[in-house]
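A short write-up of the structure that comes next.
Along the sequence shown, residues are numbered consecutively beginning with 1. Since the model is a prediction, treat every value here as computed from it, not as a measurement.
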Amino acid sequence: KMGEDCLNEELSEKRCLSLHHCPKQAKEYYGDAGMSLRNDDGQAPLHMSQKAICASWAEAFAYTGGDNNNDRELEYGSVVTEHHQKAREIVNKDKGLKRECRDIAFNLAQCLRHKKLF
């Protein structure tokens, strides 16, 4: 459980640093809705259930629990879990989209790496 808490915190920190230091790449990765800080029905921040498909695909491992999503749904809400599951399914079925998502994620990682934030 502790590792999962840290993982969510690390993804949130990555998002924050990305929005601040690499806004162009962050917008491409998270999408317009992923840039919002508003809340979604009290369960989770809006950006967790409306971020772009590539970010949702890349981060699905953190918000879905494989065959048994009950724990993740309780923690993040069913909207967040279902959003990430659907993104994973869509991207994994389309080789071109999967390649594009990898490129988008790589571009964001490269930008963050060159900022030397730590």
If I compare all heavy atoms of [X] with all of [Y], which pair ends up nearest, and what's the gap?
{"X": "L11", "Y": "Y30", "answer": "O-OH, 4.4 Å"}
{"X": "Y29", "Y": "A55", "answer": "O-CB, 3.2 Å"}
{"X": "L97", "Y": "D94", "answer": "N-OD1, 3.0 Å"}
{"X": "S56", "Y": "H84", "answer": "O-CD2, 3.3 Å"}

What is the distance from atom [atom1] of [X] to atom [atom2] of [Y], rounded to the nearest 0.5 Å?
{"X": "E28", "Y": "D103", "atom1": "CD", "atom2": "CG", "answer": "9.0 Å"}
{"X": "Q25", "Y": "Q110", "atom1": "CD", "atom2": "CD", "answer": "10.0 Å"}
{"X": "I53", "Y": "K86", "atom1": "CD1", "atom2": "NZ", "answer": "9.0 Å"}

Heavy-atom distance under 4.5 Å between the side chains of [X] and [Y], does that happen here?
{"X": "C22", "Y": "L108", "result": "yes"}
{"X": "R88", "Y": "T64", "result": "yes"}
{"X": "R102", "Y": "W57", "result": "yes"}

Residue pair V91, C54: steps toward the side-chain contact (heavy atoms from CB on, under 4.5 Å) verdict: CA-CA 8 Å; V91 173; C54 291; 5.6 Å; no
Candidate pair T81 and Y63, rule side-chain contact (heavy atoms from CB on, under 4.5 Å), full reasoning: CA-CA 6 Å; T81 300; Y63 300 107; 5.5 Å; no
K14 atom NZ, over 12 foreign heavy atoms within 6.0 Å: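 Yes, NZ of K14 has more than 12 neighbouring heavy atoms, counting only those of other groups under 6.0 Å.
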